[in-house]
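Accompanying notes for the structure given below.
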Amino acid sequence: MTGPRLEGRSVLALVTNYGVEQDELFVPLRKLRAAGADVTVAAVSTDPVQTLQGDKDPGESMDPDVSHEALGAAPHDLLLIPGGTLNADHLRLETAAVDTVKAFAANGRPIAAICHGPWALVEADVLRGKVLTSYPSLRTDITNAGAKSWVDEAVVVDPDGDYPLITSRTPKDLDAFVPAICEQLEGS
């Protein structure tokens with residue numbers, strides 16, 4: 001990325017306090033901030049967020065900006081849902097997080113989810129008619145949730161329906177995922 005180009009744009013990253021895949025949080029977070037975007041990290045509580053590498057090895061930790069419950073109505077231009085099996089499985093059980101996903105979709109605001117992150121979309125029941133990708137083990141959950149199709153591609157951008165959706169499979173796809181997020185933010 002060459003110089004800030006996302007000034008005035010805001011992103012909300014929705015995570016739990018344990019188990020988010022390190023690179024799926026930190027790579028987009030750092031690149032979006034370097035491009036000038038304001039990125040807010042919301043977790044279940046304001047306790048530190050402990051990331052993992054490969055779902056097992058401890059990664060970096062960080063202090064979230066706000067808890068899910070304290071989010072309020074502050075508008076953000078895009079919702080980012082990183083994966084990590086533990087993170088995604090717990091995130092879909094958090095009522096405030098699922099309500100946030102529903103609100104973004106209902107208001108037509110873009111959502112970007114990677115790896116196991118789409119589980120929150122399944123739980124929020126916002127995948128009907130969508131084309132997306134994810135970690136392969138979510139394929140059946142996604143199709144059972146009414147998605148039009150699941151595809152095995154590095155990044156899938158589905159602009160159709162009620163809201164734009166950007167999805168990727170794994171941390172190996174971050175080089176395609178993050179630019180797709182930036183393009184969405186530039187166009188919004």
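The figures that follow rest on heavy atoms only: side chains count, while hydrogens, waters and symmetry mates do not. Sequence positions, counted from 1, serve as the residue numbers for this chain.
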Between the side chain of E60 and the main-chain N/O of F26, is any donor-acceptor distance below 3.5 Å? no
Report yes if the side chains of V66 and T40 come closer than 4.5 Å at any heavy-atom pair, otherwise no. yes
Among residues two or more places apart or on two chains, list those pairs meeting salt bridge (Lys or Arg N to Asp or Glu O under 4.0 Å) that have a residue in residues 34-49. none
So, do L79 and P110 sit near enough that their side-chain heavy atoms are less than 4.5 Å apart? no
Q184 and P164, any side-chain heavy atoms less than 4.5 Å apart: yes
Which atom pair, heavy atoms only, marks the closest approach of P75 to S10? O-OG, 3.6 Å
If you look at every heavy atom in A147 and L132, which pair is closest and at what distance? CB-CD2, 3.7 Å
Verify, without hydrogens or angle tests, whether D162 (side chain) and G108 (backbone) share a donor-acceptor contact under 3.5 angstrom. no
Go through the steps to decide whether N87 and H116 satisfy the test side-chain contact (heavy atoms from CB on, under 4.5 Å), and finish with yes or no. CA-CA 8 Å; N87 172 68; H116 287 81; over 6 Å; no
Evaluation steps, side-chain contact (heavy atoms from CB on, under 4.5 Å), between V41 and L29: CA-CA 9 Å; V41 177; L29 180 93; 3.6 Å; yes
What's the spacing between Y18 OH and L52 CG if we round to 0.5 Å? 4.5 Å
Check whether any side-chain N or O of R109 sits under 3.5 Å from a backbone N or O of H76 as a donor-acceptor pair, and report yes or no. yes
Measuring from atom CD of Q22 to atom CG of D55, what distance do you get when rounded to the nearest 0.5 angstrom? 12.5 Å
Quick one: does any side-chain atom of H68 pair with a main-chain N or O of V15 as donor and acceptor, under 3.5 Å? yes
Closest heavy-atom pair, A120 versus L91, reported as atoms and distance to 0.1 Å, is CB-CD2, 4.2 Å
Approximate separation, where rounding is to 0.5 Å, of L121 CG and L165 CG: 6.0 Å
Check whether any side-chain heavy atom of L78 sits under 4.5 Å from a side-chain heavy atom of L12, and report yes or no. no
Side chain N107, main chain A103, donor-acceptor under 3.5 Å: yes
Report, as yes or no, whether the 6.0 Å neighbourhood of atom CD on E69 holds more than 12 heavy atoms from other residues, nucleotides or ligands. no
With side-chain contact (heavy atoms from CB on, under 4.5 Å) as the criterion, how do I81 and I111 come out once you've worked through the C-alpha distance, each side chain's angles and the decisive distance to 0.1 Å? CA-CA 8 Å; I81 308 173; I111 299 174; 4.0 Å; yes
Specify the closest pair of heavy atoms between D77 and G8, including all atoms of both residues, with the distance to one decimal. OD2-O, 3.8 Å
Keeping N17 on the side-chain end and Q50 on the backbone end, is there a donor-acceptor pair under 3.5 Å? no
Going from CG on L6 to CD on E183, what distance comes out if it is rounded to the nearest 0.5 angstrom? 11.0 Å
Pair D125-R128, salt bridge (Lys or Arg N to Asp or Glu O under 4.0 Å): steps then yes or no: CA-CA 7 Å; D125 194 23; R128 298 196 188 285; 3.1 Å; yes
Side chain of S168, backbone of I114: donor and acceptor closer than 3.5 Å? no
Before you tell me yes or no, could you show the steps for L25 and E21 under side-chain contact (heavy atoms from CB on, under 4.5 Å), namely the whole-Å CA-CA distance, both residues' side-chain angles and the distance that decides it to 0.1 Å? CA-CA 7 Å; L25 174 60; E21 184 66 31; over 6 Å; no
Axial cation check for Y163 ring with K130, 6.0 Å and 45° limits: yes
Exam field: side chain N144 to backbone D141, donor-acceptor pair closer than 3.5 Å: no
Tell me who clusters with V131, hydrophobic residues only, linked when side chains sit under 4.5 Å apart either directly or through other members. V151, V156
Is E24 reaching over with its side chain to a backbone N or O of G83, donor-acceptor style, under 3.5 angstrom? yes
When you compare the side chain of S67 with that of V44, does any pair of heavy atoms fall below 4.5 Å? no
Test side-chain contact (heavy atoms from CB on, under 4.5 Å), reference V122, set L138, V101, L127, output is L127
Please examine the side chains of K102 and V98, heavy atoms only from C-beta on, and report whether any two atoms are closer than 4.5 Å. yes
Any heavy-atom pair between the side chains of I166 and V155 that's under 4.5 Å? yes
Just so I know, are the side chains of F177 and T133 near enough to count as touching, which here means a heavy-atom distance under 4.5 Å? no
Rounded distance [0.5 Å steps], CG in L174 versus NZ in K31: 7.5 Å
Can you tell me how far the OG1 atom of T167 sits from the CG atom of D158, to the nearest 0.5 Å? 8.0 Å
Donor-acceptor contact below 3.5 Å, side chain R9 vs main chain L185: yes
Residue pair P64 / P48: nearest heavy atoms and the distance that separates them: CD-CA, 4.2 Å
In short, V126 meets A105 closest at the heavy-atom pair CG1-CB, 3.7 Å
